[in-house]
Amino acid sequence: MKVAILGTGYVGLSTGVSLAEIGHQVCCIDVDEAKINQLQQGISPIYEPGMEEFLTRNIAAGRLRFTTSHRQGVAGAEIVILAVGTPQREDGSADLTYLVEAAKDLAAYLEQETIVVIKSTVPVGTNDEVRKILEANCHEDVSVKMVANPEFLRQGSALKDTLEADRIIIGSDHQQAASKVKEMYSPLKVPCMLTSVRSAEMIKYASNAFLATKISFINAVANLCEAVGADVTDVAKGMGMDKRIGNHFLNAGIGYGGSCFPKDVKALWHTTRNEEVDFGVLAETMRINDEQQVRLVKKTLKRFAGDVSGKKIAMLGLSFKPETDDMREAPSIKIAQELTKLGAHVAAYDPVATKNAKRVIGESISYADTLLEAVTDADAVLVVTEWQEMKQMDIASLGEVMKQVIIFDGRNCLDEEQLRNCKNIEYHPIGRPAIIT
Ligand SMILES: NC(=O)c1ccc[n+]([C@@H]2O[C@H](COP(=O)([O-])OP(=O)(O)OC[C@H]3O[C@@H](n4cnc5c(N)ncnc54)[C@H](O)[C@@H]3O)[C@@H](O)[C@H]2O)c1
Ligand SMILES: O=c1ccn([C@@H]2O[C@H](COP(=O)(O)OP(=O)(O)O[C@H]3O[C@H](CO)[C@@H](O)[C@H](O)[C@H]3O)[C@@H](O)[C@H]2O)c(=O)[nH]1
């Protein structure tokens with residue numbers, strides 16, 4: 001099938017290479033010339049495991065190409081997928097500016113049989129609004145066929161999530177269009193659910209809000225565990241053994257970040273307010289998350305009797321999760337700001353996100369080239385992102401370089417056995433008893 005994709009971000013690019021991989025002829029379009037230049041050479045503008053191999057293989061096979069020209073990219077496409085960003089506005093609602101622009105860019109090149117798929121995360125009713133824009137700007141003979149097809153991939157495992165998704169949601173009021181989109185995905189052998197456009201749009205927000213709520217719930221349980229002397233890791237394991245609860249997304253830590261959960265919970269909250277529907281749990285989810293993101297700062301401050309000024313704090317991890325260089329809404333941002341405000345000197349290390357972090361956090365903190373450089377002479381270590389490198393660090397040798405080995409683990413990711421075998425360390429996880437040797 002001939003497919004065009006507008007937007008080569010995490011979603012557009014992952015979708016593009018995956019559809020090429022299963023045999024479709026894919027053209028990815030982006031307004032960002034620098035991105036397209038890189039992609040044409042098989043270079044991925046984002047850090048995503050496996051992406052460059054997929055790019056190189058499919059470009060070489062002639063199934064994948066990149067352009068800045070909407071006309072060239074869309075010409076002859078049976079399916080056009082919109083995967084542009086839908087960031088949040090000041091008031092928390094979804095900003096649809098890019099989507100509206102993309103629809104206008106696309107409209108003139110729509111052909112009679114083209115199906116338009118919205119993959120971006122959009123508030124309920126957006127497909128109908130985009131249809132109106134397309135109808136107002138396309139050739140008069142074209143009858144616009146829309147399909148809502150939200151995306152559920154996670155950054156860091158985007159390709160695996162796309163190729164081995166749990167489900168594909170196809171929302172359309174046009175049966176033939178829905179069947180065609182189902183056929184496009186058929187080589188993946190992933191269950192497809194056909195539904196209405198509005199239900200498809202809602203499924204995306206409800207899923208993200210539910211997962212975010214699960215995280216805030218377990219973080220609140222973690223804080224309670226600390227107060228009453230229980231261990232949240234065991235509590236989550238015991239809860240998760242109940243199939244009705246499930247063991248996924250019950251890792252307590254320093255809250256959710258990233259380009260999706262924070263903005264999507266806010267956008268859904270905004271919709272509930274507009275519709276005057278009471279959904280207070282969303283407000284609590286956001287409130288708990290805001291507090292949880294600075295939990296490590298509070299713990300550090302308490303440990304140093306309320307004064308961290310002049311202390312060197314090593315911050316291990318900057319990206320919002322491992323295996324990505326994305327800094328959007330990463331807890332590291334708030335942690336760096338708060339510690340700096342308190343007069344601490346933060347030395348941060350991340351295997352891939354430093355370049356992006358410098359743009360977001362700026363020069364108020366220092367950036368180490370290695371983990372060892374960050375922890376040398378530090379008064380405390382904060383584990384902020386659970387990269388493999390952090391999980392595998394040699395805790396026993398920290399004593400040789402740090403002033404004193406005090407570790408605050410915001411992801412509960414360090415090896416307990418190793419910690420217990422080390423001498424003269426203090427280890428403070430989230431929602432679990434401290435280990436002091
Ligand atoms: N990032 C994720 O993990 C993820 C997962 C599922 C869903 N989503 C949703 O998917 C959408 C895209 O997210 P993303 O993270 O890939 O965004 P992104 O910001 O990484 O990429 C969007 C791309 O669209 C391009 N673009 C903007 N206007 C354009 C136009 N008129 N024509 C062509 N290209 C244009 C931009 O230059 C950019 O490269 C959002 O709605 C997001 O909420 C994201
Ligand atoms: O048990 C958990 C699981 C996740 N997180 C945090 O939650 C955030 C989001 O993690 P994750 O969901 O793995 O990454 P995303 O790439 O943001 O993916 C989410 O957002 C995407 C965009 O909408 C959706 O497509 C995915 O299904 C959804 O998982 C990160 O800060 C994680 O550290 C936790 O704190 N505890």
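Order of appearance sets the numbers: ligands from 1, and atoms from 1 within every ligand. Just so you know, residue 1 is the first one in the sequence shown, and it goes up from there.
In the candidate list Tyr10, Phe152, Phe320, Phe320 is nearest to atom 30 (C) of ligand 2, counting heavy atoms. For atom 11 (P) of ligand 2, the choice among Lys321, Lys263, Gln293 with the nearest heavy atom turns out to be Lys321. Among Val11, Ile36, Leu153, the residue whose heavy atom lies closest to atom 16 (O) of ligand 1 is Val11. Atom 28 (N) of ligand 1 has its nearest heavy-atom neighbour, among Asn208, Ile118, Val84, in Val84.
Under a 4.0 Å criterion applied to the non-hydrogen atoms of Arg411, ligand 2 contributes the atoms 33 (O), 35 (O). The Cys260 neighbourhood of ligand 2 comprises atoms 20 (O), 21 (C), 22 (C), 23 (O), with distances under 4.0 Å to a heavy atom of that residue. Shown in contact with Asp264 at under 4.0 Å from a heavy atom are these atoms of ligand 2, numbered in order with element: 23 (O). Of all atoms in ligand 2, numbered sequentially from 1 with element shown, those under 4.0 Å from a heavy atom of Lys204 are 22 (C), 23 (O), 24 (C), 25 (O). Close contacts of ligand 2 with Glu151, meaning ligand atoms under 4.0 Å from a residue heavy atom, involve 25 (O).
Thr385 places none of its side-chain heavy atoms less than 4.5 Å from the side chain of Met390. Between Leu13 and Leu55 there is a side-chain heavy-atom pair separated by less than 4.5 Å. No side-chain heavy atom of Met193 sits less than 4.5 Å from a side-chain heavy atom of Pro191.
For ligand 2, the polar-atom distance check against Ser259 finds no nitrogen or oxygen pair separated by under 3.5 Å. Inclusion of Lys35 in the set of residues having an N or O under 3.5 Å from an N or O of ligand 1 is warranted. Remark: ligand 1 and Lys263 share an N or O pair separated by less than 3.5 Å (distance only, no angle test). Residue-to-ligand polar distances keep Thr121 apart from ligand 2: every N/O pair is separated by 3.5 Å or more.
Using a non-hydrogen distance threshold of 4.0 Å, Gly258 does not register as a contact of ligand 2.
The closest protein non-hydrogen atom to atom 32 (N) of ligand 1 is His70 NE2, 2.9 Å. What sits closest to atom 41 (O) of ligand 1 on the protein, heavy atoms only, is Thr86 OG1, 2.5 Å. Gly9 CA, 3.2 Å is the protein heavy atom nearest to atom 21 (O) of ligand 1. If you check which protein heavy atom lies closest to atom 24 (O) of ligand 1, you get Gly7 CA, 3.3 Å. In terms of protein heavy-atom proximity, atom 14 (P) of ligand 1 is closest to Tyr10 N, 4.0 Å. Scanning the protein for heavy atoms near atom 36 (C) of ligand 1, the closest one is Asp30 OD1, 3.5 Å. Atom 9 (C) of ligand 1 has its closest protein heavy atom at Thr121 OG1, 3.4 Å. Atom 2 (C) of ligand 1 has its closest protein heavy atom at Gln155 OE1, 3.5 Å. Ile215 CG2, 3.6 Å is the protein heavy atom nearest to atom 35 (O) of ligand 2.
Taking the charged nitrogens against the carboxylate oxygens, Arg244 and Asp242 do have a contact shorter than 4.0 Å, which makes a salt bridge. Taking a cutoff of 4.0 Å between a charged side-chain nitrogen and a carboxylate oxygen, Arg57 and Glu21 qualify as a salt bridge. Between Arg295 and Glu291 there is no salt bridge, since no side-chain nitrogen of the basic residue lies less than 4.0 Å from a carboxylate oxygen of the acidic one.
Looking at Asp105 against ligand 1, only its side chain comes within 4.0 Å, counting heavy atoms.
Shown are Lys299, Arg432, Lys302; of these, the salt bridge (charged side-chain N to carboxylate O under 4.0 Å, His left out) with Glu226 is made only by Lys299. Applying side chain to side chain contact (heavy atoms under 4.5 Å, CB included) to Asn412 and the options Val232, Val383, Asn251 leaves one that passes, Val232.
Remark: Arg154 is not positioned above the aromatic ring of Phe152, lacking an NZ or CZ atom under 6.0 angstrom from the ring centre and at most 45 degrees off the axis.
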